[in-house]
K.L.:
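Just passing along the structure, written as structure tokens.
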Protein chains: 2
Amino acid sequence: MITLSEVAKRAQVTAATVSNVLRNREKVHPETAERVLKAIAELGYRPNLNARALKKGRSSTLALMLSNIANPFYPEFVLAAERAARSAGHFLLVCNTDDDAKVGQAYLNQIAGTFADGVLVMNTDIAFNEFCTSTMQSVPILLTMWERPEAPPALPCIAVDFARAGALAAAHLLELGHRDIGMLIGDGCGGLQNARSDGFLAVLRAAGIETDAAAVLQIRDSIDAGYAACMQLMANRPQLTAIFATNDLLAIGAAQALITLRRTVPDDVSVIGITDIQLAHQVHPALTTVAIQTAAVAELSVDRLIRLIQTPDQQPSMVLAPPPELVVRASTGPRRAASS
Amino acid sequence: MITLSEVAKRAQVTAATVSNVLRNREKVHPETAERVLKAIAELGYRPNLNARALKKGRSSTLALMLSNIANPFYPEFVLAAERAARSAGHFLLVCNTDDDAKVGQAYLNQIAGTFADGVLVMNTDIAFNEFCTSTMQSVPILLTMWERPEAPPALPCIAVDFARAGALAAAHLLELGHRDIGMLIGDGCGGLQNARSDGFLAVLRAAGIETDAAAVLQIRDSIDAGYAACMQLMANRPQLTAIFATNDLLAIGAAQALITLRRTVPDDVSVIGITDIQLAHQVHPALTTVAIQTAAVAELSVDRLIRLIQTPDQQPSMVLAPPPELVVRASTGPRRAASS
DNA sequence: CTGAAAGCGCTAACAT
DNA sequence: ATGTTAGCGCTTTCAG
């Protein structure tokens, strides 16, 4: 490994001067700088980031903790977060907790304050949140994708108004004339996605529609689960003309179940989800959904975390992400007079 | 931040002893050790990994460079790689190059040898490979998912026999009686997926079947592109009874196009892909595909990279991953006598 | 404008 | 069994 002082020797200066050249051309004589640059190039020198991090007390690395990157939602977030981090001069360390709070704690213990200058935590359960709170003193932690803006956590966070997302979905279905609506509730990654379903149900109730328990299923977060649950729903309640799912994976599974059942989407049954993952528009029929603008949330989160690193220790404050927006595609349509 | 010497002071020993306690209980008196452990707990001490890395010259971090994590194939690889790395005591730094060799080079320049002890590189183009070769001297680099076992690169690599995967797909379709077969070739991430298509075509040719150019489309890697291309294919050649795609994303898009065209899969047209991404079995009809055993390849890659770090500088050697395997699901079936 | 020197927190000889 | 010492490669005053 080539070190600073080897470069210095070759350029006939000291390490300090080389270090200066590396990020402060002001104080160095152009001619000297050129000599140094030449030596750097010739030797193929690359700074040792560990030494730099040790000296400066900052590593220019952000950590992102998520439960399972195999869920298609996360890669989209990661992509955007990584771009944002990179363009701000930071690396992004992706930490999979495998849905295991123990793994999450171990990660946090190891990286917090040394490998990572700050940590972004998504979708955790409460036990883990408490743990975060205790380690927050040594390193900034930002919760992101917080689903309950009305109940801010004890940490800084970026909240998304998922209740509103549910409400938008409900309004859309109501407007299309649907009244018999089935509901699929996913299990997020630390509790059911109840903010979404509550928002949805509130609108229905305001319109005088009661949804009985038989039309509601709580399931794991996956296309498979959505498929199976939709099968069950349609068996229980063949008269349903629409299905609302708390996320797109479930909705996609539901749509496929309907196709298997020879029910046309959306002519026989409409389907709507939440999130707007990439798959949503790639599937046929393309999924109507409520977009929560993942990339924007990711960027906001990274920005805010970096700011937290620079000026830490304020009150735990919550920032609301841009509001969810309805994206109408091909999976929803008007209720037909006589269905199936 | 709590340091070793603060712990030492509280436990009335020196930093060296604390350091010993931290990973070598042999040499230290149990009573002392207990005192140290107590101090560590009370102070909430956590070792500074940068200091450790600087001292030891190793950071216990692996980097994984990939083109775009939004492609569903990558998260599955990442998940497995991260688990393997973690269980071997390493972190995994995921680096998105955004399909841009420049970004890849910048990453490599920064992290190689300091933040990462070794680098896993997937699916790169040749220009980047050359760059890797030059930086390989300072840090072990392992190419993974190499598609051409018959042409080993100048770096250590894990190769997957994709030609064989194509051949298996061809054999399967032939066995089902298909002769009019369309082909969708994706663009990997640095060149077309030709190993796959070559393996496929070789088997067809050996069976006396010529595939003419009109039945072959070269496209970008996505469900959308597969959908559009399949539409075009069926317009050109309505008599096709099967479609082979060089990856599952394309195949899934193709299947959806067929459904849109009111062609039943697999009764009218069979569809087969390569890879066996999670989506393949979640989609309906479930996709027949040739599994390349992503998780196994990821684990193998991590193992081999770690070994390379421990004993570097051998000849660039190639390791062949476990062979691809046909996974028959619902999207392929026998050719019907009279098709559409 | 450049050099000398100290030290970030940790580890690993080598002493005791 | 524990302490002493000397850096790892870099940044950063402070002198010159």
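Reckoned from all heavy atoms, side chains included, excluding hydrogens, waters and symmetry mates. Just so it is clear: chains get the letters A, B, ... in the order the sequence lines come, proteins before strands, and each one is counted from 1.
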K.L.:
Under a 4.0 Å N-O cut-off, is there an ion pair linking B:E82 with B:R86?
P.N.:
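A salt bridge links B:E82 with B:R86.
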K.L.:
Starting the side chain at C-beta, find the nucleotide from D:dT11, C:dT11, D:dT12 nearest to A:L4.
P.N.:
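The nucleotide sitting nearest to the side chain is D:dT11.
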K.L.:
Tell me which nucleotide among D:dC10, C:dT11, C:dA4 gets nearest to the side chain of A:K55.
P.N.:
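For the A:K55 side chain, the nearest candidate turns out to be D:dC10.
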K.L.:
Which nucleotide in the set C:dA4, D:dT11, C:dC10 lies at the smallest distance from any side-chain heavy atom of A:A16?
P.N.:
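Per side-chain heavy atoms of A:A16, the pick is C:dA4.
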K.L.:
When you measure from the side chain of B:Q278 to the backbone N and O of B:E76, does any donor-acceptor pair fall under 3.5 Å?
P.N.:
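No; zero donor-acceptor contacts below 3.5 Å.
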K.L.:
Looking at the side chain of A:R23, which of D:dC10, D:dT12, D:dA1 is the nearest nucleotide?
P.N.:
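Of all the options, the side chain of A:R23 is nearest to D:dT12.
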K.L.:
Does B:T3 make a side-chain N or O approach to OP1 or OP2 of C:dG9 shorter than 4.0 Å?
P.N.:
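Checking B:T3 against C:dG9: no side-chain N or O falls below 4.0 Å of OP1 or OP2.
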K.L.:
Taking the minimum atom-to-atom distance to the side chain of A:Y45, which one of D:dC10, C:dA12, C:dT2 wins?
P.N.:
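Between D:dC10, C:dA12, C:dT2, the one nearest the side chain of A:Y45 would be D:dC10.
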K.L.:
Are OP1 or OP2 of D:dT11 and a side-chain N or O of A:R52 less than 4.0 angstrom apart?
P.N.:
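Checking A:R52 against D:dT11: at least one side-chain N or O falls below 4.0 Å of OP1 or OP2.
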K.L.:
Just checking B:E42: does its CD atom have more than 12 heavy atoms from other residues, nucleotides or ligands closer to it than 6.0 angstrom?
P.N.:
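More than 12 within 6.0 Å, yes.
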K.L.:
Measure from the side-chain heavy atoms of B:A51 and tell me the nearest of C:dT2, C:dA12, C:dC10.
P.N.:
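Closest of the options to the side chain of B:A51: C:dC10.
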K.L.:
Between C:dG3 and A:T14, is there an OP1 or OP2 to side-chain N/O distance shorter than 4.0 Å?
P.N.:
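Yes, such a contact exists.
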K.L.:
Between C:dA12, D:dG3, D:dC8, which nucleotide gets closest to the side-chain atoms of B:V13?
P.N.:
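The answer is D:dG3, which lies nearest to the side chain.
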K.L.:
Is there a side-chain contact between B:T32 and the phosphate of D:dA1, meaning an N or O under 4.0 Å from OP1 or OP2?
P.N.:
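No.
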K.L.:
So does A:S19 get a side-chain nitrogen or oxygen closer than 4.0 Å to the phosphate oxygens (OP1/OP2) of D:dC10?
P.N.:
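So the side-chain polar atoms of A:S19 never come under 4.0 Å of the phosphate oxygens OP1 or OP2 of D:dC10.
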